[in-house]
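Report on the following structure.
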Amino acid sequence: MPYCEVDRYADGDKWEGVRLFYRRYGRGATKVLLIIGLAGTHDSWGPQIKGLTGSLEPADDEPPRPDEEAGVGAAGAAEAAPAEGEGPGGDGIEVCCFDNRGVGRSSVPPNKSHYSTAIMAQDALALMDHLGWKKAHVFGHSMGAMIACKLAAMAPHRLCSLAMLNVTGGGFQCFPKLDGQMLSLAFRFLRARTPEERALVDLETHYTKEYLDETVGSCTRRMILYQEYVKGISSTGMQSNCGFEGQVNACWTHNMTTKELDTIRTAGFLISVIHGRYDIIAQLCHAKRLAERLLPAARMVELHGAHLVSHERPDEVNNALMDLIKATKYAMKPEEWSAQPESDSESGALISTRPITVTMQTDEGANAAVAVYNFLGKLQLSFLYLIGVIVMAFEHMRNIVKSQKHVNYS
């Protein structure tokens, strides 16, 4: 099995043992690194692997072609429309995806301090070094997009382009909009102990109800996906508590400074921020704000979908990713990249040249309104956080009572 060994230092002492499980697909001079999100494994990128390389068959054991080693594939290719699975110019695309630390077949460090988007970005860089990749197109989803953003700030010279799917800025932005549905989902997620229970919650948080209720053959898409989710979770096992808590800690502590965003914005590569407009986990407004701060290098792409828009609208997402690769290949200028038509009726995508912002008059009444609005927003997020803490405390106390009863009976 392909693994990348990662050494990590913690508290001044060398802490060894982190291994990242990865898979490669396709062959070519165009390199794409895919970084998955919270609790996800490498195979969650299936629709994008298929769309970019044309195959879901791992190529880990295949020897590189001579043109890859010489690096002449991209330079000597004719500027023709690429076939499926080929990069611009027909040079081919090689994709690598991996399990983040704390999930799947990768190592699960025991302490939350071993998890942050900066540490996980270093993991991704170590993997690129392991593969011998000097540069790559880096695409991330959700937490993986936070990691990709941090990676772009840490080592902008290693990126050809950056795509962030369903991203937020971390911290309080990780909290979804507070409503009855979300509180119910959060409670059920914390109580889930079996693949079946976890699958039911995941479906409702990952997809729109419209998509789940679509009829496919003699049953609904919900039934098909439920079986796939249960099978997938059962094969990899439920994520360990310390792995989940560590990855949540990485999301909660994630933050991009103005200096880091300026580094990304002026690095010279193009950026796509792709988001499902009905995402109840990562709110669209946060993605728009991030895209705005990365102008003129960033293009905002809204799609009709939810948090897993990469699965719900795979063709549109894959087209957006291929557009980014092509624009990079042909050295499109940032101003040209962001200056796109407002909508694409064929794909259902909304491509914004400037993310929409709300401006208010600067008189005393307007300032007071803004202050009240911001306070209520923070109060809402704090309340949701408090509810989560109460639920986890309740679960902890219930487990203690169960253990005590077991001791008394024995």
Side-chain angles (χ1 to χ4, degrees), residues 8-11 33 35-40 100-103 109 111-126 138-159 162-178 243-267 269 271-275 279 281-295 297-298 300 307 355 357 370 373-375 377-386 388-389:
R8 187 61 56 206
Y9 288 83
D11 299 325
L33 183 67
I35 308 177
I36 197 58
L38 176 68
N100 286 307
R101 58 171 58 205
V103 74
N111 299 320
K112 288 194 296 185
S113 61
H114 299 147
Y115 298 82
S116 71
T117 52
I119 290 174
M120 297 164 91
Q122 289 286 0
D123 288 346
L125 279 173
V138 178
F139 304 157
H141 176 264
S142 194
M143 180 189 75
M146 300 181 200
I147 297 170
C149 195
K150 186 65 72 172
L151 171 59
M154 292 168 56
H157 60 285
R158 302 293 297 272
L159 273 71
L162 173 66
M164 295 179 284
L165 286 68
N166 298 80
V167 69
T168 73
F172 276 110
Q173 292 187 19
C174 293
F175 283 121
K177 184 177 181 180
L178 179 60
F244 177 72
E245 291 172 3
Q247 291 192 348
V248 168
N249 181 68
C251 295
W252 178 248
T253 58
H254 174 72
N255 179 57
M256 297 299 298
T257 66
T258 299
K259 182 178 180 180
E260 288 176 317
L261 292 175
D262 286 344
T263 296
I264 297 172
R265 180 175 53 82
T266 60
F269 53 75
I271 304 164
S272 277
V273 180
I274 305 169
H275 212 95
D279 189 343
I281 297 178
Q283 297 187 61
L284 177 62
C285 60
H286 301 314
K288 285 186 173 182
R289 189 174 299 115
L290 178 60
E292 183 177 47
R293 296 183 69 181
L294 294 174
L295 286 171
M300 182 76 210
H307 192 61
T357 57
V370 171
Y373 177 81
N374 290 335
F375 172 75
K378 291 180 180 180
L379 185 63
Q380 171 181 296
L381 294 173
S382 300
F383 178 69
L384 180 59
Y385 177 73
L386 179 62
V389 170

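Position 1 is the first residue of the sequence, and the numbers go up from there. Source: prediction; values computed, not measured.
- Looking at Asn255, its side chain never comes within 3.5 Å of a backbone N or O of Gly171 through a donor-acceptor pair.
- Checked by atom type and distance alone, the side chain of His141 pairs as donor or acceptor with a backbone atom of His307 at under 3.5 Å.
- A heavy-atom distance below 4.5 Å is not found between the side chains of His254 and Gln173.
- The closest side-chain heavy-atom distance from Ile35 to Val138 is below 4.5 Å.
- His275 contributes a side-chain N or O that, together with a main-chain N or O of Ala282, makes up a donor-acceptor pair within less than 3.5 Å.
- When every heavy atom of Cys251 is checked against every heavy atom of Met143, the shortest pair comes out as SG-CG, 3.5 Å.
- No side-chain donor-acceptor contact under 3.5 Å links Arg101 to the backbone of Ile119.
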* Please walk me through it: do Arg265 and Ile271 pass side chain to side chain contact (heavy atoms under 4.5 Å, CB included)? -> CA-CA 9 Å; Arg265 180 175 53 82; Ile271 304 164; 5.9 Å; no
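- Exactly one residue among Asn166, Val167, Leu165 makes a side chain to side chain contact (heavy atoms under 4.5 Å, CB included) with Ile274. That residue is Leu165.
- Here the CG-SG distance, from Leu261 to Cys149, works out to 6.0 Å after rounding to the nearest 0.5 Å.
- The main-chain N or O of Leu284 is never found under 3.5 Å from a side-chain atom of Asp279 such that the two would form a donor-acceptor pair.
- The closest donor-acceptor contact from the side chain of Thr168 to the backbone of Gly170 lies under 3.5 Å.
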